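To start, the structure under review is shown below, and the notes come after it.
Treat the numbers as computed from the prediction; the structure is a model and nothing was measured.
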Amino acid sequence: MNVFIWDMDETLILLKSLLNSKYAEGFNGSKDIQKGIEIGKMWEEHILRVCDDYFFYEEIEHYNKPCLDALSEYDDGRDLSGYDFAKDEFNPPYDDPNRRKLAYRHRLIADKYTQGLHNVLDQEMIERWDALYDMTDSYTDRWLSSARTFLEHCSGENNGLAPHVASSNVCTGTGYKNINVLVTSGSLIPTLVKCLLFRLDDLFTHTNVYSSWEVGKLQCFSWIKERFGGPNVRFCAIGDGWEECEAAQTMAWPFIRIDPQPVGFHRFPGLTMKTVGHYLDVVYGVPKDDEE
């Protein structure tokens, strides 16, 4: 089994580097810097609107958790179809009753994430979202669609797999199952919304999305190793930042640093499964089935 631990921002998506113009500046004048900034601002508007309107973000932004299942012990399984979230008086102190109310919100967020934004947004919003995605993909020379295609090489339908590895797949030609896990330094709810807006929600189940905002990436990596570790399991971290690099080194995992600059192979488009396999083989050795 290969477990790939992905960073979000400036790895699978570009946002910060659009807003601060670093992405465009790397192209020495061939990219319209102002257009990149405007695209980034439109994404910010979309993300915040969806967070606030559909995912309780204004209420729970100060209660960030590393994953949606973090408070599952407080969820009594109550039927939420007639539950009035606006009147349940969710507020400090952060005691057990309020933890239960937060757990209810996490459950509803998980349900909405699973259903997808096409079941949440109106048609006008969907059309604006699709147009922005296409505009961004064109401006970034297919960064978004290439990253998605790369994930699809090891993702798809997984009938018959256990629930905790629902995003795993057999990767063609390797005999390995691949699991894609997302660990972001951003807060959890905006990250889930980014997955939805950037069309990654079918490639990362909500159970495989972690926020390291409060606990750090090393802690998240440790949880992932505890969750998926075992004989013949290989881990690989992929991101652009120093924190995931240091965490991967501590875990003795290979780390692939993504660089959005226009030259190099560690970017999208550019990164290939052959390159990733090389990093894995250097650390773990060549699998016996592939030695020939």
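Here the straight-line distance linking atom CG of Leu192 with atom CG of Leu200 works out to 11.5 Å at 0.5 Å rounding. Considering CD of Glu38 and CE of Met135, their distance stands at 9.0 Å, rounded to 0.5 Å. Atom CD1 of residue Ile5 and atom CZ of residue Phe221 lie 6.0 Å apart, to the nearest 0.5 angstrom. Taking CD1 of Ile109 as the start and NE2 of His206 as the end, the distance is 11.0 Å to the nearest 0.5 Å. Annotation: the span from Ile256 atom CD1 to Asp7 atom CG amounts to 13.0 Å, rounded to 0.5 Å. Between Thr136 atom OG1 and Ile39 atom CD1 the span is 5.0 Å, to the nearest 0.5 Å.
Without hydrogens or angle criteria, Glu243 side chain to Lys217 main chain gives a donor-acceptor distance under 3.5 Å. A donor-acceptor pair is defined here as one N or O able to donate and one able to accept, closer than 3.5 Å; such a pair exists between the side chain of Arg148 and the backbone of Arg199. Using a distance-only test at 3.5 Å, with no hydrogens or angles considered, no donor-acceptor pair links the side chain of Asp69 to the main chain of Ser72. Put simply, the side chain of Ser212 gets close to the backbone of Thr184: a donor and an acceptor are under 3.5 Å apart. In terms of modelled atom types and a separation under 3.5 Å, the side chain of Thr250 and the main chain of Glu246 share a donor-acceptor contact. When atom types are taken as modelled, the side chain of Asn98 and the backbone of Pro93 share a donor-acceptor pair closer than 3.5 angstrom. Side chain of Ser187 to backbone of Ile189: no donor-acceptor contact under 3.5 angstrom is found. A donor-acceptor contact shorter than 3.5 Å is absent between the side chain of Tyr284 and the backbone of Val233. Between the Ser146 side chain and the Arg142 main chain, a donor and an acceptor come within less than 3.5 Å of each other. Distance alone, capped at 3.5 Å, places no donor-acceptor pair between the Asn180 side chain and the Phe204 backbone.
Listed here is the closest heavy atom pair of Pro260 and Leu14: CB-CD2, 4.2 Å. Pairing each heavy atom of Thr140 with each of Leu18, the nearest pair is CG2-CD2, 4.4 Å. When every heavy atom of Val276 is checked against every heavy atom of Cys236, the shortest pair comes out as CG1-SG, 4.5 Å. Between Asn64 and Ser211 the shortest heavy-atom distance is ND2-OG, 3.2 Å. The heavy-atom pair separating Leu15 from Glu10 by the smallest distance is N-OE2, 3.0 Å. Heavy-atom minimum distance, Ile33 versus Ser21: CG2-CB, 3.4 Å.
Classification of the His118-Trp129 ring pair by plane angle, with boundaries at 30° and 60°, yields tilted. Note on ring orientation: taking the six-membered ring where Trp is involved, the planes of Trp143 and Phe268 are perpendicular (angle over 60°, cut-offs 30° and 60°). Tyr23 and Tyr139 have tilted rings, their planes meeting at an angle from 30° to 60° on a 0 to 90° scale. The aromatic rings of Trp6 and Phe150 sit perpendicular, their planes meeting at an angle over 60°, well past the 30° parallel limit.
With contacts defined as side-chain heavy-atom distances shorter than 4.5 Å, the pair Cys67/Trp223 does not qualify. With contacts defined as side-chain heavy-atom distances shorter than 4.5 Å, the pair Lys41/Leu19 qualifies. Residues Leu117 and Met125 fail the side-chain proximity criterion, which asks for heavy atoms closer than 4.5 Å. Residues Phe198 and Leu12 are not in side-chain contact: their nearest non-hydrogen atoms beyond the backbone lie 4.5 Å or more apart. Taking the side chain as every heavy atom from C-beta outward, Ile224 and Met251 never approach each other to under 4.5 Å. Looking at heavy atoms from C-beta onward, Leu144 lies in side-chain contact with Ile13 at the 4.5 angstrom threshold. Residues Asp141 and Lys31 have side chains in contact (heavy-atom distance under 4.5 Å, counting atoms from C-beta outward). Proximity of Tyr113 to Leu68: side-chain heavy atoms (C-beta onward) are nowhere separated by under 4.5 Å.
At least one test fails for Arg78 against the ring of Tyr83: distance under 6.0 Å to the centre or angle within 45° of the axis. Cation-pi check for Lys112 over Phe56 is met; the charged atom lies under 6.0 angstrom from the ring centroid and within 45 degrees of its normal.
Within a 6.0 Å sphere centred on CD of Glu226, heavy atoms belonging to other residues, nucleotides or ligands number 12 at most.
No single ILVMFWY cluster, assembled from side-chain heavy atoms under 4.5 Å apart, contains both Tyr133 and Ile37. Cluster membership check: Trp213 does not share its hydrophobic cluster with Val181, using side-chain heavy-atom separations under 4.5 Å among Ile, Leu, Val, Met, Phe, Trp and Tyr. Under the 4.5 Å side-chain heavy-atom criterion for ILVMFWY residues, no single connected hydrophobic cluster contains both Phe265 and Ile258.
Tested against Phe90, the residues Tyr104, Phe85, Tyr63 include a single ring pair (Phe, Tyr, Trp, His ring centres under 6.0 Å) partner, Tyr63. If you run side-chain hydrogen bond (donor to acceptor under 3.5 Å, both in side chains) between Asp75 and each of Arg107, His106, Arg99, only Arg107 comes through.
By the 4.0 Å N-to-carboxylate-O rule, Arg128 lies too far from Glu124 to be salt-bridged with it. Asp281 and Lys274 are not joined by a salt bridge, as no carboxylate oxygen comes within less than 4.0 angstrom of a charged side-chain nitrogen. Asp88 has no carboxylate O lying under 4.0 Å from a charged side-chain N of Arg100, or vice versa, which leaves the two without a salt bridge. Under 4.0 Å is where a charged nitrogen must lie from a carboxylate oxygen, and between Asp240 and Arg267 no such pair does.
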Side-chain atoms of residues 45-55: list all donor-acceptor pairs with protein atoms under 3.5 Å, sequence neighbours left out, distances to 0.1 Å.
{"residue": "His46", "atom": "ND1", "partner": "Met42", "partner atom": "O", "Å": "3.2"}

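For the side-chain contact (heavy atoms from CB on, under 4.5 Å) test, residues two or more places apart in sequence or in another chain that qualify with Glu127 are Gln123. Residues meeting the side-chain contact (heavy atoms from CB on, under 4.5 Å) test with Arg257, sequence neighbours left out: Cys245, Phe255.
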Determine whether Glu244 and Ser185 satisfy the following criterion, side-chain contact (heavy atoms from CB on, under 4.5 Å), listing intermediate values before the conclusion.
CA-CA 9 Å; Glu244 55 261 32; Ser185 56; over 6 Å; no
